[in-house]
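This report refers to the structure that appears directly beneath it.
The model shown is predicted, which means the values in this text are computed figures rather than measured ones. Every number for a ligand or one of its atoms is a count from 1 in the order of the listing.
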Amino acid sequence: MAFHGALRYPGYKMASTGTSSTVHRKRVVLLGATGSIGENTLRVITAHPDKLELVAVAARNNWPKLAAIAQQFNVRHVGVFEDSAFAAARRNAGDFPAGTRLLGGIQGLIELARLPDADIVLVAVVGTTGLEPALAALAAGKDLALASKEILVLAGKFVMAAARKHRVKLLPVDSEHNAVFQCLEGHPNAGVRRIVLTASGGAFRDWPAEKLAHVTPADAVKHPNWSMGPKITVDSATLANKGLELIEAQWLFGLKPAQCTTVLHPQSIVHCLVEFNDGAMLAQLSPPSMTFPIQHALLHPERAPGVDSPIDFTRLVGLEFRPVDEARFPMLRLARETMAAGGVAPAIYNAANELAVAAFLDATIPFLAIPRVVEQTLATIKNFEPTDLAAVLAVDAEARRMTAAAIPRFAP
Ligand code: MG
């Protein structure tokens, strides 16, 4: 088969040949294999056995599920982040395929991220645990598919610099950012006036403000369109998720805060709009299933048949757009303020939100206290421009300590 220029992505089978001649399959490391992104990634890999090969998996603590995945996909490198779960996995090593290498802790995740036999690393672990593994993957020259938005919110400056330095592809898996990536391909960034990330509005989109005071964790984890983990579903209900995505977009696409905007779109079919200087807009549409962005990121730049059915216009498809009411969703206003402030403010926002959401899910604080907790932590810690990752991690830890100490005061 003919290659056009240097083979930069050795796993990529050139689409232009039109034959089934294969160099080798793209070898995938999946960090966060047991959550909802992990499950959808496994569906994509299963659908494309001729193009994708799973070579390593890791999860926080669900080692029995990791064992089942390792058996099904014949994976020989497995990471378990939490110490007690790692110990349990080792005691039950017989549940994994013979010859499996079991790795523990953050060092285990980092080792998997730089596995010599891998082409692309998909980071989908909850929160900021994936930051060091993501940086390790970039330093090792692996393409990085990024699903954990907290990584860019916390350390976008350093992650983007590492991607440029090591000349690797950074492929967004978050549906809106993957959509922007698709709309921008082939268009110079200089021509972009703004991007518009769509927001479903979450579980309480149509609830009156006074009812929000009595929201329970059970109400908040019911998302109208997407099936996701509890933390991100609560973030969708407060619109903190959209706030984090605005910050993520700013880094990914090198935009100014004012160029990153949102619109309410209840159907979750249009994932973004990109507005160019001449006023024209491009949009990306697909049904609300994460298999679309995951497959795009893993196979990029190849296009292959999708796992889920595309939009069917022989049926009625209504698309609505309306402005977001920031008064009802203060987490969005706070995100915008932290973007404008820059420095470590977005990292503080992220850390405080993570703890406030956990406290809400434990029924320690009411739903409407989440933005109040975050606003207070933001007001308490002095903002500064970080010059290294250690400074960001220190502020992340400080924000967590301050928030944890403050949370009891917000109990009903
Ligand atoms: Mg998203």
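- For the Mg ion (ligand 1), the set of protein N/O/S atoms nearer than 2.8 Å consists of D174 OD1, E176 OE1, E245 OE2, ordered by chain and number.
- A donor atom on one side chain and an acceptor atom on the other are found under 3.5 Å apart for H177 and E248.
- Contact check on E53 versus K26 returns no salt bridge, with no Lys/Arg side-chain nitrogen under 4.0 Å from an Asp/Glu carboxylate oxygen.
- With 3.5 Å as the limit, one finds no donor-acceptor pair spanning the side chains of S175 and N178.
- In the model, K149 has a side-chain atom that pairs as donor or acceptor with a side-chain atom of N241 under 3.5 Å.
- Using a 30° and 60° split on the angle between ring planes, H265 and F321 fall in the parallel class, below 30°.
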What side-chain donor-acceptor pairs closer than 3.5 Å can you find for residues 401-412, not counting sequence neighbours?
unit_1: T403; atom_1: OG1; unit_2: T377; atom_2: OG1; d: 3.0
unit_1: T403; atom_1: OG1; unit_2: A399; atom_2: O; d: 2.6

